[in-house]
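Only one structure is covered here, and it is reproduced in the block below.
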Protein chains: 2
Amino acid sequence: MKQYTNIELKAELENAGIRGTAQRIAILGFMRENPVHPTAEVVFEALRDKVGSLSLTTVYNTLKLFVEHGLVSMLTIDDTFRCFDGNVEMHAHLMCRNCKKIIDMPMPREVATFLEEIEDFDADEVQLYVKGICKECKIK
Amino acid sequence: MKQYTNIELKAELENAGIRGTAQRIAILGFMRENPVHPTAEVVFEALRDKVGSLSLTTVYNTLKLFVEHGLVSMLTIDDTFRCFDGNVEMHAHLMCRNCKKIIDMPMPREVATFLEEIEDFDADEVQLYVKGICKECKIK
DNA sequence: CACAGTATTTAAAATCATTTTAAATTTGCA
DNA sequence: TGCAAATTTAAAATGATTTTAAATACTGTG
């Protein structure tokens with residue numbers, strides 16, 4: 001898991017056209033270094049003691065800002081929670097209906113072709129969501 | 001657009017293992033006959049004057065019940081509204097970011113193969129969502 | 001066909017994740 | 001350093017959805 005310096009994170013924020021504040025650096029760092037799919041609440045709990053000052057409101061607003069600037073993506077795989085992904089490369093997601101764990105998968109190649117063939121529509125995002133029961137939950 | 005009789009709709013509900021009440025028949029009929037992707041609110045507004053008695057609560061609870069019984073599917077393409085699809089055949093969806101219109105598309109064939117090849121996961125649902133700008137909104 | 005028990009529907013209240021507001025704080029720049 | 005603009009914050013508001021509890025409507029049985 002690659003580690004990022006504050007300098008690198010700040011540069012990434014500024015390249016995206018937004019200021020690199022302490023809160024934003026911490027949130028972006030968390031999203032980049034943890035290959036999980038956290039909700040705003042989870043990000044807040046993970047960082048509240050590590051950042052001088054941080055509020056849940058800031059986490060909500062910052063993640064929304066990051067999505068608008070293409071720094072992270074938002075997953076709508078489950079209607080009961082909104083989560084985010086620090087990996088903005090195109091890939092698929094599996095979600096276990098039981099434990100709610102989200103697993104990354106490569107996107108089937110044909111999906112890229114499919115996107116190119118769509119007419120009369122300027123696509124800018126694609127999400128492939130698969131739901132079911134994971135191995136661990138099945139055993140139980 | 002195929003029309004369904006109340007007899008047919010009632011039979012479909014009972015085959016699914018639930019009672020065929022007036023409200024459920026009306027809601028299932030609406031979902032089957034209209035190739036749209038309505039929210040609970042939209043279904044309620046469309047039916048409130050056509051069904052003797054109908055409440056928004058019933059529409060919410062009934063659509064949830066239908067999803068549990070596989071009669072309709074729920075789309076989570078947009079985190080600001082939850083909508084439903086009376087067509088439970090596997091297919092993809094495009095959504096216009098501007099007008100929020102949702103368009104059906106055939107699912108790329110390779111996605112079915114992809115599902116079969118997933119290991120250690122019992123998949124029971126797949127959704128492919130594409131977001132962008134539709135032709136009409138692009139012109140403006 | 002009436003009755004009893006169960007399922008369904010309803011209006012009203014509650015919930016809860018997210019957004020907005022407005023004030024306080026921090027930042028970048030002159 | 002000091003000022004204007006941006007950001008963060010706590011608190012309040014929002015609004016879609018769910019829960020509650022009472023009323024209503026079914027279904028099967030005698």
Side-chain angles (χ1 to χ4, degrees), chain A residues 6-7 9-11 13-30 37-69 71-72 74-84 100, chain B residues 6-7 9-30 37-45 47-69 71-72 74-84 100:
Chain A
N6 284 1
I7 308 287
L9 295 165
K10 191 166 192 204
L13 289 163
E14 289 170 355
N15 284 341
I18 59 178
R19 279 196 190 164
T21 65
Q23 290 87 348
R24 289 174 183 173
I25 288 170
I27 295 169
L28 185 61
F30 182 85
H37 303 87
T39 60
E41 182 75 39
V42 166
V43 174
F44 174 65
E45 290 303 331
L47 297 177
R48 61 187 310 176
D49 297 328
K50 294 182 185 165
V51 182
S53 169
L54 184 67
S55 74
L56 180 55
T57 301
T58 297
V59 177
Y60 271 106
N61 294 338
T62 301
L63 287 170
K64 185 185 227 181
L65 184 78
F66 285 2
V67 170
E68 288 163 5
H69 288 80
L71 293 168
V72 306
M74 184 196 294
L75 305 188
T76 61
I77 195 168
D78 190 293
D79 64 315
T80 66
F81 60 88
R82 180 190 301 176
C83 63
F84 298 86
K100 308 297 178 189
Chain B
N6 284 1
I7 307 287
L9 294 165
K10 191 167 192 207
E12 188 175 356
L13 288 163
E14 289 170 354
N15 285 340
I18 59 177
R19 281 196 189 163
T21 65
Q23 290 85 349
R24 289 175 184 172
I25 288 169
I27 296 169
L28 186 61
F30 182 85
H37 303 87
T39 60
E41 182 76 38
V42 167
V43 174
F44 174 66
E45 290 303 331
L47 297 177
R48 62 187 309 175
D49 297 327
K50 294 182 183 161
V51 181
S53 169
L54 184 67
S55 73
L56 180 55
T57 301
T58 296
V59 177
Y60 270 107
N61 295 337
T62 300
L63 287 170
K64 186 185 226 181
L65 184 79
F66 285 2
V67 170
E68 287 162 5
H69 288 81
L71 293 167
V72 307
M74 183 196 292
L75 304 188
T76 61
I77 195 168
D78 190 293
D79 65 315
T80 65
F81 60 85
R82 182 190 300 177
C83 63
F84 297 87
K100 306 298 175 187

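The sequence lines fix the lettering, A, B, ..., with proteins before strands; numbering per chain opens at 1.
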Divergence of helical axes at both termini of the helix from C:dC1-D:dG30 to C:dA30-D:dT1 - five pairs an end, 10° steps
30°
Under 3.5 Å donor-acceptor, B:Thr76 side chain and A:Asp79 backbone
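No.
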Under 3.5 Å: donor-acceptor pair, side chain of A:Arg82, backbone of A:Met74
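No, the answer is negative, given that no donor and acceptor are paired below the 3.5 Å cut-off.
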5'-most contact on DNA chain D: A:Leu65 or B:Thr39, nearest heavy atom basis?
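The answer here is A:Leu65.
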Does [X] make a side-chain N or O approach to OP1 or OP2 of [N] shorter than 4.0 Å?
| X | N | answer |
| --- | --- | --- |
| A:Gln23 | C:dT26 | no |
| B:Thr57 | C:dA11 | no |
| A:Arg19 | C:dG28 | no |
| B:Arg82 | D:dT18 | yes |
| A:Tyr60 | C:dT18 | yes |
| A:Ser53 | D:dT9 | yes |
| A:Thr58 | D:dT8 | no |

Rounded interatomic separation in angstrom, taking [atom1] from [X] and [atom2] from [N]:
| X | N | atom1 | atom2 | result |
| --- | --- | --- | --- | --- |
| A:Ile25 | C:dT26 | CD1 | C1' | 13 Å |
| B:Leu13 | C:dT9 | CG | P | 10 Å |
| A:Leu56 | C:dT18 | CG | C1' | 9 Å |
| A:Glu68 | D:dT7 | CD | P | 12 Å |
| A:Arg48 | D:dA10 | CZ | P | 10 Å |
| A:Lys64 | C:dT19 | NZ | P | 4 Å |
| A:Arg24 | C:dG28 | CZ | P | 11 Å |
| A:Asp79 | C:dT15 | CG | C1' | 15 Å |

Are [X] and [Y] close enough that some pair of their side-chain heavy atoms sits under 4.5 Å apart?
| X | Y | result |
| --- | --- | --- |
| B:Lys100 | B:Phe81 | yes |
| B:Leu63 | B:Val59 | yes |
| A:Leu13 | A:Leu71 | yes |
| A:Thr62 | A:Gln23 | no |

Checking all strands, does B:Leu54 fall into the base, sugar-phosphate, or nothing category for heavy-atom contacts under 4.0 angstrom?
sugar-phosphate
Using the rule side-chain contact (heavy atoms from CB on, under 4.5 Å), only one of B:Ile7, B:Ile18, B:Leu28 pairs with B:Glu12; which is it?
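For B:Glu12, the side-chain contact (heavy atoms from CB on, under 4.5 Å) test succeeds with only one of B:Ile7, B:Ile18, B:Leu28, which is B:Leu28.
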Just verifying a value: how many Å separate A:Leu9 CG and A:Ile27 CD1, rounded to the nearest 0.5 Å?
11.5 Å
Closest-nucleotide mapping onto DNA chain C: is A:Ala40 or A:Ala22 further toward the 5' terminus? I mean the 5' end.
A:Ala40
